Asker: 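One structure follows; several queries about it will come next.
Start at 1 and go down the list; that is how both ligands and their atoms are numbered. Not measured: the values here are computed from a predicted model.
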Amino acid sequence: MNQVQHGRVIFSFFGPPGSGKGTVAQQCREELDIKVLSTGDLCRKHVAMGTRFGKMLDQYLRAGQLIPDELITEMVQDWLLQETTATSTIILDGFPRTAKQAEMFLSFLKKHPEPSSFAVVFFSISDEEIVRRLSNRLVCSNKDCQAVYSLSGKRSVRENQCDICGSPLVRRADDREDVIRERLKLYPNYRENLLAYYKQAAVVIKDFPVADLTAKQVFGRFVSIINSK
Ligand code: AMP
């Protein structure tokens, strides 16, 4: 991989639930040592730990609704300041998700003393494939791990046990069909607003169609994007 030494490179993974963002991010973390923040994982961790944030977030997660923009953006900015260095390559999995989040976050980056380049990787896939994938998804129940598996794709070596930490695998509470449909209903609206904002702000967007590709192929394609930066 070409190591970029002149500032942070931030990739925002954007796409519908179930498009494989988390799986690629996980591979990047394990195989390329890239820093990853999944905002969904962060929210679930707060809920599992019963923090003050977690108590506020729980109702939104259960209903498949988005967390208020100011709250989620502040959580991401705090993480970035604490966990990354000036030359880190970073993946934000699932953030920004609305035009307002993108606007607040890009203005934060501009004010930040370290230069950062920002590009969006836009995952696309059909609704039928999403419902099929999410109905087959299992995740590690350990809040610090949350590795993703699939009954129809990447299975764990031992049935219902995480390969990384050995904890039991579970279904996510929001992977029920009615909640999946609610999440999908919201998606086109915020997608269009976000893409319109990015266009106006001249942000680089890499189209990333993932239907019919295996997790390994998706990972390979993302590595080529990193190497072209
Ligand atoms: P995910 O794991 O990406 O499917 O996210 C799970 C849930 O976390 C979402 O349904 C939202 O409730 C919340 N969430 C994650 N990222 C964001 C974000 N950028 N903006 C608002 N809510 C978010």
Side-chain angles (χ1 to χ4, degrees), residues 10-26 28-29 36-49 51 53-80 90-106 108-109 118 120-125 127 129-131 133-150 169-191 193-195 197-198 203 210:
I10 303 177
F11 293 101
S12 162
F13 281 8
F14 178 65
S19 54
K21 304 182 297 292
T23 306
V24 186
Q26 190 175 309
C28 290
R29 183 193 277 135
V36 175
L37 175 66
S38 154
T39 43
D41 285 357
L42 184 66
C43 292
R44 284 183 289 277
K45 193 168 168 179
H46 276 286
V47 172
M49 288 165 64
T51 64
F53 271 149
K55 292 199 174 87
M56 291 193 276
L57 303 179
D58 194 27
Q59 51 170 324
Y60 296 101
L61 264 73
R62 282 183 184 283
Q65 289 168 357
L66 294 186
I67 309 295
D69 291 328
E70 285 76 10
L71 181 57
I72 196 89
T73 306
E74 196 184 318
M75 287 164 74
V76 173
Q77 291 172 180
D78 283 351
W79 176 86
L80 203 76
I90 296 160
I91 293 173
L92 298 177
D93 168 13
F95 180 89
R97 218 172 269 205
T98 66
K100 181 79 190 156
Q101 290 174 17
E103 196 183 337
M104 289 190 288
F105 185 64
L106 291 181
F108 161 83
L109 288 183
F118 179 81
V120 176
V121 182
F122 176 38
F123 288 59
S124 56
I125 185 172
D127 280 7
E129 178 64 9
I130 291 169
V131 174
R133 285 185 181 195
L134 293 184
S135 323
N136 282 301
R137 176 158 78 177
L138 291 176
V139 292
C140 174
S141 56
N142 173 354
K143 65 179 178 348
D144 294 319
C145 178
Q146 302 193 42
V148 184
Y149 299 87
S150 167
L169 303 183
V170 293
R171 299 289 304 274
R172 262 173 57 171
D174 57 355
D175 278 350
R176 286 194 346 243
E177 183 150 352
D178 56 330
V179 185
I180 295 173
R181 300 249 170 238
E182 177 65 24
R183 286 153 71 200
L184 289 179
K185 208 162 71 190
L186 296 174
Y187 175 70
N189 189 23
Y190 62 76
R191 177 190 59 205
N193 290 337
L194 182 58
L195 292 179
Y197 172 75
Y198 281 147
V203 168
V210 291

Asker: Should you measure from each heavy atom of R183, which atoms of ligand 1 turn up under 4.0 Å away?
Answerer: 4 (O)
Asker: When you measure from the heavy atoms of R172 to every atom of ligand 1, does any distance fall below 4.0 Å?
Answerer: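 Distance cut 4.0 Å: R172 passes for ligand 1.
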Asker: Output yes when a side-chain donor or acceptor of R183 lies under 3.5 Å from a complementary backbone atom of D174, and no otherwise.
Answerer: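 Present.
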Asker: Check whether any side-chain N or O of S19 sits under 3.5 Å from a backbone N or O of I125 as a donor-acceptor pair, and report yes or no.
Answerer: no
Asker: Is it true that D178 and R181 have a side-chain N and a carboxylate O under 4.0 angstrom from each other?
Answerer: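 R181 and D178: not salt-bridged.
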Asker: Mind checking whether I67 has an N or O less than 3.5 Å away from an N or O of ligand 1?
Answerer: yes
Asker: For atom 16 (N) of ligand 1, grab the closest protein heavy atom and report residue, atom and distance to one decimal in Å.
Answerer: T39 OG1, 2.8 Å
Asker: Considering only protein heavy atoms, which is closest to atom 9 (C) of ligand 1, and at what distance to one decimal place?
Answerer: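 Protein heavy atom at minimum distance: R97 NH1, 3.9 Å.
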Asker: For atom 8 (O) of ligand 1, tell me which residue out of A173, G40, G94, P96 has the closest non-hydrogen atom.
Answerer: G40
Asker: Between CZ of F105 and CG of L80, what distance do you get to the nearest 0.5 Å?
Answerer: 5.0 Å
Asker: Given 3.5 Å as the limit, does a donor-acceptor pair link the side chain of K21 with the main chain of G15, or not?
Answerer: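 Answer holds: yes.
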Asker: Applying the side-chain contact (heavy atoms from CB on, under 4.5 Å) criterion to P17, which one of L184, I180, V131 satisfies it?
Answerer: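 It is L184; the other options fail the test.
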Asker: Quick one: which residue pairs count as a salt bridge (charged side-chain N to carboxylate O under 4.0 Å, His left out) with a foot in residues 137-149, not counting sequence neighbours?
Answerer: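 As it turns out, the salt bridge (charged side-chain N to carboxylate O under 4.0 Å, His left out) pairs with a partner in residues 137-149, which skip direct neighbours, are K45-D144, R137-D175.
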Asker: Please write down residue, atom name and distance for the protein heavy atom closest to atom 11 (C) of ligand 1.
Answerer: Q65 O, 3.4 Å
Asker: Is R44 touching ligand 1 with its side chain, its backbone, both, or neither, if touching means heavy atoms under 4.0 Å apart?
Answerer: side chain
Asker: Which heavy atom of the protein is the closest neighbour of atom 7 (C) of ligand 1, given with residue, atom name and distance?
Answerer: L61 CG, 4.1 Å
Asker: Distance under 4.0 Å to a non-hydrogen atom of Q101: what atoms of ligand 1 satisfy this?
Answerer: 18 (C), 19 (N), 20 (N), 21 (C)
